[in-house]
Amino acid sequence: MTGNPEKNGKLVVISGPSGVGKSTICRQVVEKRDAFLSVSVTTRNPGAAEVNGRDYRFISRDEFEARAGRGEFLEYADVFGNYYGTPRPPVDEAISAGRIVILEIDVQGGLQVKQRCPQAELIFILPPQREDLQKRMDGRGRGEDEQSRKRRLQAAEKEIAAARQHYDHFVVNDDLASAVQDVIDIIDGKRKKYD
Ligand code: 5GP
């Protein structure tokens, strides 16, 4: 990343199991802090309510691989059999302009970001309890079958274990408003590691 370090913004990674409420938390943090929310590129199919360019940029595997080969992504990973990546130029621009940049990405991606930008803050959102995660996944209305829900639940447990080793902060989403405040406190430097 280039630019004047004094003026540089902050890179914040937010990860967590699917269904834990990360998107809602990210949206509220973005509003409250006028942060820049990175729009990821993915090869997965759009969901019914998703808008290309707002939720994700949906592209083909060929295009993704070509762009990855040209080094256009800050990080990328294969999640549940699809590629997801963070385009680098908008992130660099926002950081140089002194903005807070939020990346809502998985743990594999978070670890890549930490390697490239050690000053990045990695935040992991935890569900209040396991049963709750199961319930939230059931309520997502994606029309997923039992097997795919199970796969997501297992992946969630693996992700939590990996995050425990490498992430800087953990926020339990038992109450939305306080989870949002916790993330803001971390961004503002009011919460130390592992508080
Ligand atoms: P979903 O398909 O449910 O929208 O996302 C599946 C997973 O991919 C989530 O954990 C989400 O945070 C993660 N993800 C979304 N965009 C990116 C990205 O650009 N890079 C990485 N590594 N993971 C991403």
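Numbering of ligands and ligand atoms starts at 1, following listing order. Along the sequence shown, residues are numbered consecutively beginning with 1. Note: hydrogens, waters and symmetry copies are ignored here, and every other heavy atom, side chains too, is used. Model, not experiment: these values are computed from the prediction.
- Of the heavy atoms in Val79, only side-chain atoms (C-beta onward) come closer than 4.0 Å to ligand 1.
- A ring-centre distance under 6.0 Å is not found for Phe64 and Tyr84.
- In this structure, Ile184 and Gln181 have side chains that are in contact, with non-hydrogen atoms separated by less than 4.5 Å.
- Dense packing is recorded around CZ of Phe124, with more than 12 heavy atoms of other residues, nucleotides or ligands lying under 6.0 Å away.
- A donor-acceptor contact closer than 3.5 angstrom is absent between the side chains of Tyr76 and Gln112.
- Residue contact check: Ala77 has heavy atoms under 4.0 Å from atoms 22 (N) of ligand 1.
- For the residues Tyr56, Phe80, Phe73, the heavy atom positioned nearest atom 1 (P) of ligand 1 is part of Tyr56.
- For the 3.5 Å distance criterion, the side chains of Glu159 and Ser15 fail to qualify, holding no donor opposite an acceptor.
- Put simply, no part of Ser18 is less than 4.0 Å from ligand 1, judged by heavy atoms.
- In this structure, of Asp106, Ile105, Leu111, the residue bringing a heavy atom nearest to atom 22 (N) of ligand 1 is Asp106.
- Shown are Val13, Leu11, Val91, Ile187; of these, the side-chain contact (heavy atoms from CB on, under 4.5 Å) with Ile102 is made only by Ile187.
- Contacts of Gln108 with ligand 1, taken as heavy-atom pairs under 4.0 Å, are absent altogether.
- Ser18 contributes atom OG, which lies 8.5 Å from atom CG of Leu153 (distance to the nearest 0.5 angstrom).
- A cation-pi arrangement is found for Arg152 relative to Phe80, the charged atom lying closer than 6.0 Å to the ring centre and inside a 45° cone about the ring normal.
- With respect to the salt-bridge test (charged N to carboxylate O, under 4.0 angstrom), the residues Glu50 and Arg44 qualify.
- No N or O atom of Tyr76 sits closer than 3.5 Å to an N or O atom of ligand 1.
- The shortest N or O to N or O distance between Glu75 and ligand 1 is below 3.5 Å.
- Atoms of ligand 1 found under 4.0 Å from any heavy atom of Thr86, numbered from 1 in the order shown, are 19 (O).
- Those atoms of ligand 1 with a heavy atom of Gly109 less than 4.0 angstrom away are 22 (N).
- Not close to ligand 1: Glu159, with no non-hydrogen atom less than 4.0 angstrom away.
- The part of Arg152 lying near ligand 1 is the side chain, judged by heavy-atom distances below 4.0 Å.
- In summary, the atoms of ligand 1 found under 4.0 Å from a heavy atom of Arg44, numbered by their order in the structure, are 1 (P), 2 (O), 4 (O).
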